[in-house]
Protein chains: 2
Amino acid sequence: MLKNLTERRKQRNWSLQETADQLGIAKSTYAGYESGYRTPSLLSLAEIADLFETTVDSLIGRESTKQERIEITDLNLSPYQLSLDQQLLSSDEIIDIIAFLRTKRTLKSSE
Amino acid sequence: MLKNLTERRKQRNWSLQETADQLGIAKSTYAGYESGYRTPSLLSLAEIADLFETTVDSLIGRESTKQERIEITDLNLSPYQLSLDQQLLSSDEIIDIIAFLRTKRTLKSSE
DNA sequence: GAAATAGTCCGCGAAACGCGTATGTCTATT
DNA sequence: AATAGACATACGCGTTTCGCGGACTATTTC
């Protein structure tokens, strides 16, 4: 069940047919998504998100977790960049931090 | 095709079986997602995103245009927490990082 | 009212899913 | 060498769900 799909479309004054045409699918298919009778393929879902300028997470109603955990080793896979004193951390600095922290944690655990 | 699914799992040192168990699906099903041979249902996809603490958009490779900058000195004011190897950084560790990096930067700039 | 437009519902054939099972690889043990 | 266990990969089946075209209904326009 996609969230607010009808509202998004109506805000743009698009008909079911116009919207379906833009997505390259049948009108009845698109209508099925709005009514919840059908679930789009992932590809279609991404296209719908593009068309309505939103995220897939938003369309499927996934709440953004309040306290978001960022794994330092995954930084390059994430949409985040760390900075210190307004200066972005270089990848070398990130590597240094990882090594530094791991060393500290090893020493700490052997006490 | 889900992005970096294998890498995400391996970083957590989970086997295919463990991961599938957490998701409540068959191992071969989960393996199919990693290899790209199968596409999960939306419900499963949301669960996978939850498990790996990421967004569906990220999993399907929709680029988030936001490259969000996180200032380390402001971490306690932000909705983010940093972790290393799945273990949250303590406030002492954050302080250590700040000191460590500032020292490195000072040395670097005096060369 | 008639015609055009927009929205809803249905059932079919095709596609894709989740599953259990079989097989392969690697490591450790006997 | 043979065996066992853990993990990963591949396959094919039955079931489910999809996208589609078209029929039908509702709304708008003239």
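All chains are named by letter (A, B, ...) in the order of the sequence lines, taking the proteins before the strands, and each is independently numbered beginning at 1.
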Hey, can you tell me if B/F100 and A/F100 have their rings parallel, tilted or perpendicular (30° and 60° cut-offs)?
parallel
Just to be sure I understand the rule, does B/Y30 reach a base, reach only the sugar-phosphate, or reach nothing, if contact means heavy atoms closer than 4.0 Å?
nothing
What's the CD1-P distance between B/I25 and D/dA8, to the nearest Å?
14 Å
Under 4.0 Å: is that the gap between some side-chain N or O of A/T29 and OP1 or OP2 of D/dC20?
yes
B/A26, nearest nucleotide to its side chain (from C/dG20, D/dG19, D/dT9)
C/dG20
Take the protein atom CG of B/D21 and the nucleotide atom P of C/dG20, then report the distance between them rounded to whole Å.
12 Å
Does a nitrogen or oxygen in the side chain of B/Y33 sit under 4.0 Å from OP1 or OP2 of C/dC17?
no
Does A/K27 contact C/dA6 through a side-chain donor or acceptor facing the base, at a distance under 3.5 Å?
no
Taken to the nearest whole Å, CG/A/L45 to C1'/D/dG19 is 15 Å
Could you state the atom-to-atom distance from CH2 of A/W14 to C1' of C/dT5 in whole Å?
19 Å
Mind checking if A/L16 touches a base, just sugar-phosphate, or nothing, with heavy atoms under 4.0 Å?
base
For C/dG7, does either OP1 or OP2 sit under 4.0 Å from a side-chain N or O belonging to A/R9?
yes
At less than 4.0 Å, is any side-chain N or O atom of A/S35 found next to OP1 or OP2 of C/dC9? Yes or no.
no
Hey, mind stepping through B/R8 and B/S58 against side chain to side chain donor-acceptor pair (under 3.5 Å) and telling me if it holds?
CA-CA 12 Å; B/R8 290 172 203 262; B/S58 175; 3.2 Å; yes
How close or far is atom C1' of D/dC20 from atom OH of A/Y37, stated in whole angstroms?
12 Å
For B/L2 and C/dC17, what is the distance between atoms CG and C1' respectively, to the nearest whole Å?
14 Å
Would you mind reading off the distance between A/L42 atom CG and C/dA15 atom P, rounded to a whole angstrom?
19 Å
What is the distance from atom CD of B/Q87 to atom CD1 of A/I72, rounded to the nearest 0.5 Å?
11.5 Å
Take A/Q17 and A/S15 through the test side chain to side chain donor-acceptor pair (under 3.5 Å) and record every step on the way to the result.
CA-CA 5 Å; A/Q17 186 68 66; A/S15 66; over 6 Å; no
Between A/S28 and D/dC20, is there a contact of a side-chain N or O with OP1 or OP2 at under 4.0 Å?
no
Would you mind reading off the distance between A/I48 atom CD1 and D/dC18 atom P, rounded to a whole angstrom?
12 Å
What is the nucleic acid contact for A/S15, judged by heavy atoms within less than 4.0 Å: base, sugar-phosphate only, or nothing?
sugar-phosphate
If you round to the nearest 0.5 Å, how far is CD of B/E34 from OG1 of B/T19?
7.0 Å
Here's a test of your reading of the structure: between B/R38 and A/G24, which maps to the more 5' nucleotide of DNA chain D?
B/R38
